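Okay, so here's the structure we're looking at.
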Protein chains: 2
Amino acid sequence: MAQKPKSATDAVEILRRRTYDGKPERLKSLEETRANEEIARKIHELRAQAGLTQTQLGKLIGTTASVICRLEDADYEGHSLAMLRRIAAAMNQRVEIRFVPIRRSA
Amino acid sequence: MAQKPKSATDAVEILRRRTYDGKPERLKSLEETRANEEIARKIHELRAQAGLTQTQLGKLIGTTASVICRLEDADYEGHSLAMLRRIAAAMNQRVEIRFVPIRRSA
DNA sequence: TTGTGCTTTCGCAAAATTGCGAATAGAGTT
DNA sequence: AACTCTATTCGCAATTTTGCGAAAGCACAA
């Protein structure tokens, strides 16, 4: 419906190569690591803005301070949508998710 | 630093009550369910736009069609940041996450 | 009808995330 | 010094998400 239904297999191969070959994990180490740092920072910022301690925020979302601490650790790579939503909800916010096109080099 | 460091415990209690009491899971059933539906729809849309089948997209991110199908199911509640990123990356997009203030009734 | 391609559902094992207590560290106060 | 509050780190069990094959459904064409 969208495009040529057939011979799409080739295009998929090309896309796959473009995505995984060459830079198998480099992109994850750069762009994704950066994203994780940003999330950690945002959580910390949100909590600080509300004047809450980790223990207090933890209680608010039904968990402990060590969990909050982990979330605010810039090196933490396990961020989940579920947790972000819990944090957001406790702060009277919501998590907005958008897919935004990335510019391929120049 | 942000506000009165002491006697904040009371405020936390108030916030906790406001968040969990009264509507313990109702908010999750409404706002969160809606959010999940939207994510499912966005994934489907993204894939359709690229003219890919579930099998093709699955291969692209290193999984199978059944997984993609699950992601596009409006009733699916297990969406994760990790998976959204894989989808996005395969489509040459990135996942943008924002905390946005929610309006408290009137 | 058969066949083909795509999607959907189901079940369970594997992997990832969360829960949580305990211990440690740091800063500030008395 | 001791005391208090906060933050951080560690380890492991519990829960959640993912992987993946198999089977069935659906639409369309031959």
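Since we're looking at a predicted model, the values are computed, not measured. Letters go in sequence order (proteins before strands), and every chain restarts at 1.
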Tell me the interatomic distance from B:Leu52, atom CG, to C:dG5, atom P, rounded to whole angstroms. 17 Å
Go through the steps for A:Leu81 and B:Ile39 under the test side chain to side chain contact (heavy atoms under 4.5 Å, CB included), then give the verdict. CA-CA 11 Å; A:Leu81 211 47; B:Ile39 291 177; 3.6 Å; yes
Could you give the CG-to-P distance, from B:Leu57 to C:dT7, as a whole number of Å? 10 Å
Is there a side-chain contact between B:Tyr76 and the phosphate of D:dT18, meaning an N or O under 4.0 Å from OP1 or OP2? yes
Using a 3.5 Å distance criterion without hydrogens, assess whether the side chain of B:Arg98 forms a donor-acceptor pair with backbone atoms of A:Glu96. no
Distance check needed: D:dT9 P versus A:Leu71 CG, whole Å only. 13 Å
Do B:Ser66 and B:Thr64 have side-chain atoms, one donor and one acceptor, less than 3.5 Å apart? yes
In whole angstrom, give the distance that lies between atom CD1 of B:Ile68 and atom C1' of C:dC6. 13 Å
Please check: side-chain N/O of B:Arg86 versus main-chain N/O of B:Ile61, any donor-acceptor pairing under 3.5 Å? yes
Would you confirm whether B:Glu37, through its side chain, and B:Arg34, through its main-chain N or O, come within 3.5 Å as a donor-acceptor pair? no
Ignoring hydrogens and geometry, is there a side-chain-to-backbone donor-acceptor pair from A:Glu38 to A:Ala35 under 3.5 Å? no
Could you give the CD-to-P distance, from B:Gln54 to D:dA27, as a whole number of Å? 15 Å
What's the CD1-P distance between A:Ile43 and D:dA7, to the nearest Å? 14 Å
What integer distance in Å separates B:Glu77:CD from D:dT17:P? 9 Å
Compare the minimum distances between each of C:dT8, D:dT8, D:dA7 and the side chain of A:Thr53, then state the nucleotide with the smallest one. D:dA7
Nearest whole angstrom, please: distance from the P of C:dT7 to the CD of B:Glu72. 7 Å
Does A:Ile97 offer a backbone N or O that forms a donor-acceptor pair with the side chain of B:Lys42 under 3.5 Å? yes
Given that A:Leu81 and B:His44 both sit by DNA chain C, which one's nearest nucleotide is further toward the 5' end? B:His44
With the criterion being N/O to N/O and under 3.5 Å, what pairs connect the protein with nucleotides 19-25 of chain D, and how long is each?
| residue | atom | partner | partner atom | Å |
| --- | --- | --- | --- | --- |
| D:dG19 | OP1 | B:Arg86 | NH1 | 2.9 |
| D:dG19 | OP1 | B:Arg86 | NH2 | 2.8 |
| D:dG19 | OP2 | B:Thr63 | OG1 | 3.2 |
| D:dG19 | N7 | B:Arg70 | NH2 | 3.1 |
| D:dG19 | O6 | B:Arg70 | NH1 | 3.4 |
| D:dG21 | O6 | B:Ser66 | OG | 3.0 |

Is B:Ser80 close enough to D:dT18 that one of its side-chain N or O atoms is under 4.0 Å from OP1 or OP2 there? yes
